There are 2 protein chains.
Amino acid sequence: MTMTNEAEPAPSKGRRLQRGALSRDAIVSAAVQILDEHGLNGLTFARLGKQLGASPTAMYRHFSSREEILIAVADELVRQSIDGYVPAVSWLDSLRDLAYRAWRTFERHPAAAAQTYHLLTGGPNELRVVDAILAALHQAGWRGEAAVKQYHMYSQFVLAVSGSHAAQVAQDDTGSSVASTWVQEYRPARPEDYPYVSAVREELRSIDFFEVYVGLVDALLSAMAAQAPAAKE
Amino acid sequence: MTMTNEAEPAPSKGRRLQRGALSRDAIVSAAVQILDEHGLNGLTFARLGKQLGASPTAMYRHFSSREEILIAVADELVRQSIDGYVPAVSWLDSLRDLAYRAWRTFERHPAAAAQTYHLLTGGPNELRVVDAILAALHQAGWRGEAAVKQYHMYSQFVLAVSGSHAAQVAQDDTGSSVASTWVQEYRPARPEDYPYVSAVREELRSIDFFEVYVGLVDALLSAMAAQAPAAKE
DNA sequence: TGACTTAGTCAATAGCGTTCACTAACTTGT
DNA sequence: ACAAGTTAGTGAACGCTATTGACTAAGTCA
């Protein structure tokens with residue numbers, strides 16, 4: 001369960017792997033690394049095998065399908081996001097911290113995030129995050145059903161926005177031509193049909209997506225603060 | 001460019017297809033239908049061919065890759081979202097309407113939405129939407145760079161949240177076991193470790209995601225209203 | 001009519017996830 | 001210590017996928 005960068009076994013060719021060589025954690029770690037290096041569609045059993053110096057089909061002794069590996073990757077990202085988190089004194093700061101942690105983790109592993117952020121892991125790390133969020137909402141004064149609604153608003157928002165940004169970054173990394181459409185294509189053939197686009201065409205080019213994220217988080221949190229039962233910020 | 005439900009050509013076997021039989025629109029329409037019926041990974045060239053009564057490879061005369069088809073599907077969803085839209089008197093109502101339109105379109109075609117909502121089409125329909133949003137922001141008093149930032153906040157938010165909900169719905173439709181984790185798995189082995197989860201375990205089960213979305217849209221729009229240069233609601 | 005263009009077809013290819021029978025390393029009971 | 005049993009890793013095979021290039025025939029135009 002440690003998942004620190006253990007020295008990967010050299011992909012020695014031909015030799016049969018030792019018996020305890022593979023493990024769920026080792027496979028998950030390799031999967032994240034492969035997604036980082038090879039992008040969105042880079043995660044294949046063949047590559048996993050090569051990376052771990054094992055047969056491609058060896059993974060099936062630890063996972064029963066590719067999707068199960070992805071779920072484990074999702075849980076690993078959740079773990080990386082929550083590890084080291086300590087609640088702040090203000091529940092607003094806690095939620096802001098958690099939101100930024102998700103963003104940063106997804107930014108570090110865009111391809112892994114893109115493939116997994118919409119999956120529910122049901123694992124212990126997910127529970128840790130859910131509990132941390134609910135704790136902050138409890139501090140804000142929400143209880144029961146109301147707390148659950150706020151929880152879903154917050155978590156759907158954080159996962160969706162961070163995750164879909166990761167998906168766009170990962171898409172860009174593939175160089176799949178879809179990427180830089182923003183820069184190139186916003187010159188409509190008939191500008192007079194799209195007056196407002198034409199008016200800000202230049203500004204549309206440069207975007208700092210994290211700044212946009214910060215603005216969205218601020219918007220959500222200030223709306224939550226305005227509705228929170230406990231007035232004590 | 002009409003894309004109404006034209007009577008699909010009967011998948012006549014063996015016969016060669018007439019010359020003008022295929023078109024980009026017919027293929028896109030078939031693709032959406034296939035995604036609706038067969039779910040997330042259901043869109044294949046083989047199925048497209050069968051659906052249209054054509055050879056699987058015939059698509060390559062109209063699109064140069066699978067991804068190009070998906071981009072066209074994305075543009076079709078944008079078209080369905082924006083078609084029939086008329087700006088409201090209040091810019092807030094306009095933005096709310098556009099947000100709900102995206103949600104409803106994505107809900108009608110969850111698999112298609114899940115595969116395409118993070119793609120930028122660069123097509124005319126996308127421009128129509130961008131212009132509509134910028135028009136509302138203009139009415140609110142934003143100009144230039146500030147308008148662009150608000151635009152990105154709004155559009156990122158709407159696409160991400162509606163889209164990732166569609167992805168979850170589509171995932172559920174596959175019956176891939178990940179789906180109903182919410183209902184089943186939120187019984188931690190050691191409840192004392194997750195006190196807040198345990199406290200609301202029952203309430204976590206039932207979620208009306210549209211209600212959550214409405215709450216999020218309200219939060220964003222009220223935050224925007226508070227910052228809008230033009231005070232005239 | 002004959003040359004040309006092009007939409008649809010057919011066969012082939014490389015890569016994918018997954019399955020299954022097999023093998024060899026380790027564990028356990030005596 | 002040795003036999004029996006379990007199981008992690010292997011290698012060959014299968015069916016499905018997107019994509020390609022050569023072929024064919026329908027249509028256009030001089």
Side-chain angles (χ1 to χ4, degrees), chain A residues 8-28 30-31 34-35 38-73 111 115-116 119 174-178, chain B residues 8-28 30-31 34-35 38-73 111 115-116 119 174-178:
Chain A
E8 299 293 344
S12 52
K13 201 60 188 172
R15 286 295 319 120
R16 193 193 183 92
L17 216 53
Q18 280 201 38
R19 199 157 164 139
L22 259 44
S23 68
R24 286 179 71 98
D25 280 353
I27 292 171
V28 167
I34 289 172
L35 282 166
H38 295 86
L40 260 183
N41 298 336
L43 183 63
T44 67
F45 281 85
R47 260 202 268 264
L48 270 173
K50 189 177 294 183
Q51 173 98 11
L52 295 164
S55 159
T57 60
M59 316 304 146
Y60 281 93
R61 296 292 164 202
H62 302 267
F63 297 93
S64 66
S65 69
R66 184 178 188 272
E67 188 178 4
E68 208 179 287
I69 298 179
L70 285 179
I71 292 175
V73 168
Q115 303 246 340
T116 64
L119 300 178
T174 66
S176 74
S177 83
V178 193
Chain B
E8 299 294 343
S12 52
K13 202 59 189 171
R15 284 294 324 118
R16 192 192 183 93
L17 215 55
Q18 279 202 38
R19 191 142 172 149
L22 259 40
S23 67
R24 285 180 71 98
D25 280 353
I27 292 172
V28 167
I34 288 172
L35 283 165
H38 294 87
L40 261 183
N41 298 335
L43 182 63
T44 67
F45 281 85
R47 259 201 268 264
L48 271 172
K50 190 178 293 182
Q51 173 97 14
L52 295 163
S55 158
T57 60
M59 315 305 145
Y60 282 94
R61 296 291 164 205
H62 301 267
F63 298 93
S64 66
S65 69
R66 185 178 188 273
E67 187 178 5
E68 207 180 289
I69 298 180
L70 285 178
I71 292 175
V73 169
Q115 304 246 345
T116 63
L119 301 178
T174 65
S176 73
S177 82
V178 194

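Here is how names work: the chains are called A, B, and so on, in the same order as the sequence lines, proteins then strands, and each is numbered from 1. Keep in mind the model is a prediction, meaning the values are calculated, not measured.
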Problem set entry | Spacing of Asn41(B) atom CG relative to dC16(C) atom P, expressed in whole Å | 16 Å
Exercise. Residues two or more places apart in sequence or in another chain: which of them pass side-chain hydrogen bond (donor to acceptor under 3.5 Å, both in side chains) with Ser65(A)?
Worked result: none
Measure all distances between protein nitrogen or oxygen atoms and nitrogen or oxygen atoms of nucleotides 26-30 of chain D, and list the pairs falling under 3.5 Å.
from	atom 1	to	atom 2	distance (Å)
dA26(D)	N3	Arg19(B)	NH1	2.4

Exercise. With a 4.5 Å limit on heavy-atom distance, are the side chains of Leu40(A) and Gln115(A) in contact?
Worked result: yes
Seminar exercise, completed: Separation of dG17(C) atom P from Ile27(A) atom CD1, nearest Å, is 14 Å
For this session: For Leu48(B) and dC16(D), give me the distance from atom CG to atom C1', rounded to whole Å.
Result: 15 Å
Seminar exercise, completed: Sequence neighbours excluded, the answer for side-chain contact (heavy atoms from CB on, under 4.5 Å) partners of Ala111(A) is Leu35(A), Ala170(A)
For this session: Scan nucleotides 18-23 of chain D nucleotide by nucleotide, 5' to 3', and note B when protein non-hydrogen atoms come under 4.0 Å of the base, S if they reach only the sugar-phosphate, - if neither.
Result: SBB-B-
Problem set entry | Net bend of the helix from dT1(C)-dA30(D) to dT30(C)-dA1(D), end axes of five pairs each, nearest 10 degrees | 10°
Seminar exercise, completed: Leu52(A) atom CG is separated from dA8(D) atom C1', nearest whole Å, by 14 Å
Problem set entry | Whole-Å gap separating C1' (dC16(C)) and CE (Met59(A)) | 15 Å
For this session: Could I get the full list of side-chain hydrogen bond (donor to acceptor under 3.5 Å, both in side chains) partners for Thr44(A), not counting sequence neighbours?
Result: none
For this session: Remember a base hit wins even if backbone is also touched, and classify Ala58(A) as base, sugar-phosphate or nothing at under 4.0 Å, heavy atoms.
Result: base
Problem set entry | Gap between atoms CD1 and P, on Ile34(A) and dC16(C) respectively (whole Å) | 11 Å
For this session: Using ring pair (Phe, Tyr, Trp, His ring centres under 6.0 Å) as the criterion, list what pairs up with Phe45(B), not counting sequence neighbours.
Result: Tyr60(B)
Problem set entry | 4.5 Å side-chain heavy-atom contact, Arg61(B) and Leu22(B) | no
For this session: Grab the CG-C1' distance between Leu40(A) and dC16(C) for me, whole Å please.
Result: 16 Å
For this session: With the side chain counted from C-beta on, respond yes when Met59(B) and Glu68(B) share a heavy-atom pair under 4.5 Å apart, and no when they do not.
Result: no
